[in-house]
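Okay, so here's the structure we're looking at.
Proteins come first, then strands; the chains are lettered A, B, ... in the order of their sequence lines, and each starts at number 1.
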Amino acid sequence: MKILTLFACLLSACSDNTMSYEELVKFNPQCSKADAQLAQLRNIQRVKNFNPDPDQLNEADRAYNSRLKATIWWYAYRCNKS
Amino acid sequence: MKHLLLLLLASTTVFADGDCKMRSAASLSNEHEVGPVTNLVKDKSEQGKCTVTYNLIVDGQLHELTGSFTGYEQQESLCRLAIDNARKNLLVELGGTFITDAVTVCNEDDTDLVDNVKIGDTILENEVGPSKIKGYFEYHNTKCRMFTQRLAYRHQLRVYNGVICLVENSKTNWIVVDKW
């Protein structure tokens with residue numbers, strides 16, 4: 001998992017350089033790439049570190065957090081990835 | 001005539017019955033006396049996973065517990081779930097009796113009694129509505145489904161989505177695993 005995270009980081013030049021909301025909307029989740037994509041998305045979660053209570057987020061963060069979580073859970077119900 | 005109408009109105013108010021909601025849940029018996037979590041240590045070094053160790057006094061006996069949870073949730077949520085997992089596993093090991101508790105909550109007004117659930121809450125499945133994403137799926141060998149809630153928050157309608165999963169060894173209790 002750590003290796004995948006590092007690989008995803010290298011690909012996306014992460015740390016503070018996470019996806020914009022528009023990039024997240026255009027993100028194309030695929031079961032065949034689940035491990036790498038999930039690592040990338042989880043890294044974004046770690047960097048963003050949103051409050052788990054959506055009511056405590058401003059509008060922009062709520063939208064981003066919602067999109068991010070919906071995308072991450074997509075793998076669970078589509079690809080049976082846990 | 002006015003006085004008669006007022007009298008009728010007052011009577012109606014007195015006899016009006018608010019909505020009542022009965023919530024029931026099955027849980028491991030309260031035969032065990034469970035203390036609070038102490039000496040909690042969280043290991044969040046691995047992304048997507050939280051491992052916890054803590055002490056718990058059950059029936060006067062100290063137990064040192066270790067638990068972990070892996071998933072998509074944020075680290076603090078994973079830690080809360082890890083704590084719950086370890087505690088539930090201990091209680092199952094100690095044994096006991098499953099009992100069903102029921103509570104009836106009545107409200108005076110017509111407000112629909114819908115709770116704004118939080119991550120980590122244990123609820124009945126029908127406390128949250130269906131999602132447009134239908135059906136159940138497996139997550140950590142547990143039956144789960146998506147849910148949607150439409151609630152008013154600060155005078156605005158908000159739509160919340162989330163995931164609930166069936167609590168281990170229960171047919172009725174579901175835990176809110178994530179919410180956004």
Side-chain angles (χ1 to χ4, degrees), chain A residues 1-12 14-15 18 21 24-25 27 29 31 34-82, chain B residues 44-51 68-81 115-121 130-165 176-180:
Chain A
M1 183 61 78
K2 282 187 179 175
I3 293 172
L4 279 171
T5 306
L6 181 61
F7 184 61
C9 280
L10 288 171
L11 281 178
S12 63
C14 64
S15 75
T18 56
Y21 179 74
L24 190 56
V25 170
F27 187 82
C31 291
D35 288 340
Q37 289 183 333
L38 275 172
Q40 183 183 9
L41 294 170
R42 285 178 184 150
N43 184 65
I44 294 174
Q45 266 192 325
R46 182 186 61 79
V47 170
K48 291 288 189 180
N49 194 30
F50 289 127
N51 191 313
D53 182 354
D55 289 330
Q56 303 304 315
L57 302 175
N58 62 42
E59 199 172 322
D61 285 350
R62 275 190 76 235
Y64 194 105
N65 182 55
S66 292
R67 191 78 196 196
L68 182 59
K69 285 194 171 186
T71 307
I72 287 173
W73 277 104
W74 181 92
Y75 296 92
Y77 65 81
R78 282 292 179 88
C79 315
N80 200 26
K81 271 287 181 184
S82 60
Chain B
K44 297 184 274 188
S45 58
E46 188 176 338
Q47 189 184 334
K49 181 176 180 178
C50 180
T51 302
S68 66
F69 199 94
T70 304
Y72 305 128
E73 301 82 353
Q74 287 165 286
Q75 291 295 101
E76 273 307 310
S77 300
L78 293 174
C79 292
R80 279 202 295 275
L81 290 164
D115 293 332
N116 193 356
V117 298
K118 301 182 302 300
I119 293 173
D121 282 353
S131 165
K132 60 181 179 182
I133 298 165
K134 305 291 181 195
Y136 300 98
F137 58 93
E138 281 269 312
Y139 175 67
H140 285 295
N141 297 317
T142 306
K143 181 179 178 181
C144 301
R145 71 164 176 87
M146 309 289 287
F147 73 84
T148 297
Q149 276 192 310
R150 289 176 176 78
L151 298 168
Y153 180 78
R154 294 184 179 174
H155 309 294
Q156 286 187 325
L157 178 66
R158 280 196 174 172
V159 180
Y160 302 88
N161 293 291
V163 177
I164 56 171
C165 294
V176 181
V177 172
D178 204 356
K179 182 180 173 184
W180 58 91

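Aromatic ring orientation, W73(A) versus W180(B): parallel (interplanar angle below 30°, classes split at 30° and 60°).
R67(A) does not touch chain B: none of its heavy atoms, backbone or side chain, sits under 4.5 Å away. Heavy atoms of Y160(B) lying under 4.5 Å from chain A belong exclusively to its side chain. In this structure, the portion of N51(A) lying under 4.5 Å from any heavy atom of chain B is its backbone and not its side chain.
Annotation: side chain of Y75(A) is in contact with side chain of Q37(A) (closest heavy-atom distance under 4.5 Å). Between W74(A) and C31(A), the closest side-chain pair of non-hydrogen atoms falls below 4.5 Å.
A salt bridge (Lys or Arg N to Asp or Glu O under 4.0 Å) with D55(A) is found for exactly one of K118(B), R154(B), R158(B), namely R158(B).
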